[in-house]
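Notes for the one structure printed next.
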There are 2 protein chains.
Amino acid sequence: MTIVQLEYAVAVDTYRSFVLAAEKCFVTQPTLSMQIQKLEEHLGVKLFDRSRQPVVPTEIGIEVIEQARKLLNESYKIKEIIDERKGEIVGELKIGVIPTVAPYLLPRVIGGFMEKYPKVTLTISEFTTENIIQQLKIGLLDCGILATPLDENTLFERPVFYENFVSYVSKTSPLFKKKALTTNDLDIDELWLLNEGHCMRNQVLSICKHKKSNGHQLNYNTGSIETLIKMVDLNNGITILPELSLQDFSVKQMDKVRYFKSPEPSREISIVTNKNFIKKRIIDALETEILNSVPKRMKSKKKKEVLDI
Amino acid sequence: MTIVQLEYAVAVDTYRSFVLAAEKCFVTQPTLSMQIQKLEEHLGVKLFDRSRQPVVPTEIGIEVIEQARKLLNESYKIKEIIDERKGEIVGELKIGVIPTVAPYLLPRVIGGFMEKYPKVTLTISEFTTENIIQQLKIGLLDCGILATPLDENTLFERPVFYENFVSYVSKTSPLFKKKALTTNDLDIDELWLLNEGHCMRNQVLSICKHKKSNGHQLNYNTGSIETLIKMVDLNNGITILPELSLQDFSVKQMDKVRYFKSPEPSREISIVTNKNFIKKRIIDALETEILNSVPKRMKSKKKKEVLDI
DNA sequence: CAAGCTTATAGAATATATCTATATTAGAGC
DNA sequence: GCTCTAATATAGATATATTCTATAAGCTTG
């Protein structure tokens, strides 16, 4: 049994294909097949059921591969020990970010980060919470930046900051005249919402969970907060925005922002990793950069009341 | 970097010798040397300082080897998953036992154990507590059977049973007339003790810690409880025995046993393993066998007041 | 049942691990 | 400080493993 064989087995599990796994491991498919066979022979059990398409791990294969992932993690940690000793922050960091955080946070973070740590390659992708969780579990992502708590016991959450929600109200809305709102003021039928799948949609709905709908005239669900803003600007109604999205607002736009009275609804944004997690130093560095690019007030680490996701 | 290379590095750390490590790994010394060199080259750091005799790991070598031990543990766990699936309890179990437990417990355990699990090879050695702790940490032992708590945070203790201490009193001692004793009755100058290094010696001394010595006429420190018994039988005085040592006593000997009034002084006997521990199923089986060969009353898992070791 | 995948097998080329023999180096004893 | 001894390193040969290319065999799916 070799580390390489375990890497191959894990790759087949991850990609559910010998051909694709071989490609990702930079070897030919027969090489990978042979090594998996040798591993299976060594262990005395079949790890994959090739008669299904796509290949699936056998019952015991699932257990062995889970354990193999732990072993490989320990092996990456050896490399980290070396890098750390050399005082270098190097490597690749694959980050998954939810779309309601990404555009307002990352552009402010990556510049400083890449300047400070030129030897780190960042790979950033926007995914839904569900997708990020999946990919963290199988190691396709090193960390996620998303709203928590997730209640996933194989993942580890480090809360980084707390972001309030605000409402964005068109001039034609009755709420425009109010200075500060309570969640009771919201009219669910006036509200522009994000698509299903965005955790922020659920949070916004839970803000208004006590309100009943009288039926919408128009159901427009969009994938981007920028669209929500434009809908209010051009088509009346209101929407709920995360605080960070206000950063580049014009004076005209700020006019339409209405804050909630305390307790303001808010979300907890965390860096989430696999529990036996690696790349600690790079991720520490990322956390520091995020904290530097976020208003001080949001860093408050005391457990606020946050909305479930 | 291969698993084999890491095994070699760990072996060199364990045995502090390339020659001996090679022998234990069943390869020649040049083979092992070459592989260690390749590993060092791959990692870009020297793991061992060969200019010292015996060889010592470098500062970073210590860290890398510690991590390598974790990786190897994960690799043993893969084998365990396979064995477990096959429903077999197989392998080797290296047990370290303290001398004040070994002769009264193990003979009753090993018979049944070996019959039930014929594919397990048991290797049992008597060592002091200190020695067992050391060997558990570097993996030379799989588990220890000793008095706890140890307060060692890299080790894991599973309390198995609680053993009272009794006194064994010669007919000429004034205590012989008493039916039950309190720890206050003990005369430290009459007491036969075990050698330094036996944890039970410390426990016995702590039973009498409030008593002052007037100076002994004879200081005879022995390594075995059997000797303590014979000293009382043939040379007067008293001694303290663990409860299990009474099991094969003659009627004549039982005459000399005096129990302590409640709360009886007692010790906690645990199976101790490394924290990232392996061979779970074999050790579970061992625990079951031990519990089967010990009087029910001693199994009480409620936290008794036990003596420090 | 054939087309288009995916995985397995065979044989050659390459790389790696191991061995034996021997050189070098470090430490112990005089 | 110099020898002797024990330990580690190096060299070259051999056996073993890994990988590749080419091709066969097995599943899916229309």
Side-chain angles (χ1 to χ4, degrees), chain A residues 1-62 64-65 68 71-72 75 78-79, chain B residues 1-62 64-65 68 71-72 75 78-79:
Chain A
M1 184 173 71
T2 69
I3 293 175
V4 170
Q5 286 171 350
L6 296 174
E7 280 172 341
Y8 291 171
V10 165
V12 171
D13 178 59
T14 300
Y15 299 107
R16 298 297 161 105
S17 154
F18 280 62
V19 172
L20 188 54
E23 198 176 299
K24 299 284 182 180
C25 293
F26 304 104
V27 293
T28 59
Q29 167 268 316
T31 295
L32 184 132
S33 285
M34 287 290 283
Q35 288 311 111
I36 300 261
Q37 278 175 50
K38 287 193 60 176
L39 178 60
E40 289 177 326
E41 194 180 330
H42 168 84
L43 295 177
V45 294
K46 273 257 167 295
L47 296 177
F48 296 99
D49 180 356
R50 287 101 156 148
S51 73
R52 302 271 142 231
Q53 200 52 242
V55 280
V56 288
T58 59
E59 209 174 325
I60 188 150
I62 291 169
V64 169
I65 288 159
L71 185 149
L72 293 177
S75 101
I78 291 180
K79 296 185 190 99
Chain B
M1 184 173 69
T2 68
I3 293 175
V4 170
Q5 287 171 350
L6 296 173
E7 280 172 340
Y8 291 171
V10 165
V12 171
D13 178 59
T14 300
Y15 300 105
R16 297 297 160 105
S17 154
F18 280 62
V19 172
L20 188 54
E23 198 176 297
K24 298 284 182 180
C25 295
F26 304 104
V27 293
T28 60
Q29 167 267 314
T31 295
L32 184 133
S33 285
M34 287 290 279
Q35 288 311 111
I36 299 262
Q37 279 176 50
K38 287 192 60 175
L39 178 59
E40 289 178 326
E41 194 180 329
H42 169 83
L43 295 176
V45 294
K46 274 258 168 292
L47 297 178
F48 296 99
D49 180 356
R50 287 100 156 151
S51 73
R52 301 272 141 230
Q53 199 54 241
V55 280
V56 288
T58 59
E59 207 175 327
I60 188 148
I62 291 169
V64 169
I65 288 159
L71 185 148
L72 293 178
S75 101
I78 292 180
K79 295 183 190 100

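Per chain, numbering begins at 1; letters A, B, ... match sequence-line order. What you see is a predicted model; the values in this text were computed from it and never measured.
In this structure, the nucleotide among D/dT8, D/dC20, C/dA17 sitting nearest to the side chain of A/Thr28 is D/dC20. For A/Gln29, whose side chain is taken as the heavy atoms from C-beta onward, the closest listed nucleotide among C/dC19, C/dT9, C/dT7 is C/dT7. Each of D/dT19, C/dC19, D/dT18 was ranked by its minimum atom distance to the side chain of A/Tyr8; first place goes to D/dT19. With D/dA22, C/dC19, D/dT8 as the candidates, the nucleotide lying closest to the side chain of B/Thr31 is C/dC19. For A/Gln37, taking side-chain heavy atoms from C-beta onward, the closest of the listed nucleotides D/dT19, C/dA17, C/dA8 is C/dA8. Side-chain proximity of A/Gln35 to the nucleotides D/dT19, C/dA8, C/dT18 is greatest for D/dT19.
A/Gln35 places no side-chain N or O within 3.5 Å of a backbone atom of A/Gln5 that could act as its donor or acceptor partner. Not one N or O on the side chain of A/Thr58 forms a donor-acceptor pair closer than 3.5 Å with the backbone of A/Asp49.
Between A/Glu41 atom CD and C/dT9 atom P the separation is 11 Å, expressed in whole Å. For the pair A/Ile3 CD1 and D/dT18 P, the computed distance is 13 Å after rounding to whole Å. Put simply, CG on A/Leu39 is 11 Å from P on D/dT18, counting in whole angstrom units. Taking atom CE of B/Met34 as the reference point, atom C1' of C/dA21 lies 14 Å away to the nearest angstrom. Across the protein-nucleic acid pair, A/Ile36 atom CD1 and D/dT18 atom C1' stand 14 Å apart, rounded to whole Å. Rounded to an integer number of Å, the gap from NZ of B/Lys46 to C1' of D/dT8 is 12 Å. A straight line from CG of B/Leu32 to P of C/dC19 spans 10 Å, rounded to a whole angstrom. Atom CD of A/Gln5 is separated from atom P of D/dT18 by 6 Å (rounded to the nearest Å).
The 12-atom threshold is not exceeded at NZ of A/Lys24, counting heavy atoms of other residues, nucleotides or ligands nearer than 6.0 Å.
Between B/Ser33 and D/dA9, a side-chain N or O to OP1/OP2 separation shorter than 4.0 Å is present. Residue B/Lys38 has a polar side-chain atom (N or O) positioned under 4.0 Å from OP1 or OP2 of C/dA17. Of the side-chain N and O atoms in B/Ser17, one or more sit less than 4.0 angstrom from OP1 or OP2 of D/dT8.
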(message) Run the salt bridge (Lys or Arg N to Asp or Glu O under 4.0 Å) test on B/Arg16 and B/Asp13 for me, step by step, so that the C-alpha distance in whole Å, both residues' side-chain angles and the decisive distance to 0.1 Å come before the verdict.
(response) CA-CA 5 Å; B/Arg16 297 297 160 105; B/Asp13 178 59; 3.1 Å; yes
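A/Pro30 comes within contact range of at least one nucleobase, with a heavy-atom separation under 4.0 Å. Using a 4.0 Å heavy-atom criterion, one finds that A/Val27 contacts the sugar-phosphate atoms exclusively.
Both B/Phe18 and A/Arg50 sit near DNA chain D, but only B/Phe18 has its closest nucleotide nearer the 5' end.
Counted by atom type alone, A/Ser33 and A/Gln29 present one or more donor-acceptor pairs between their side chains at under 3.5 Å.
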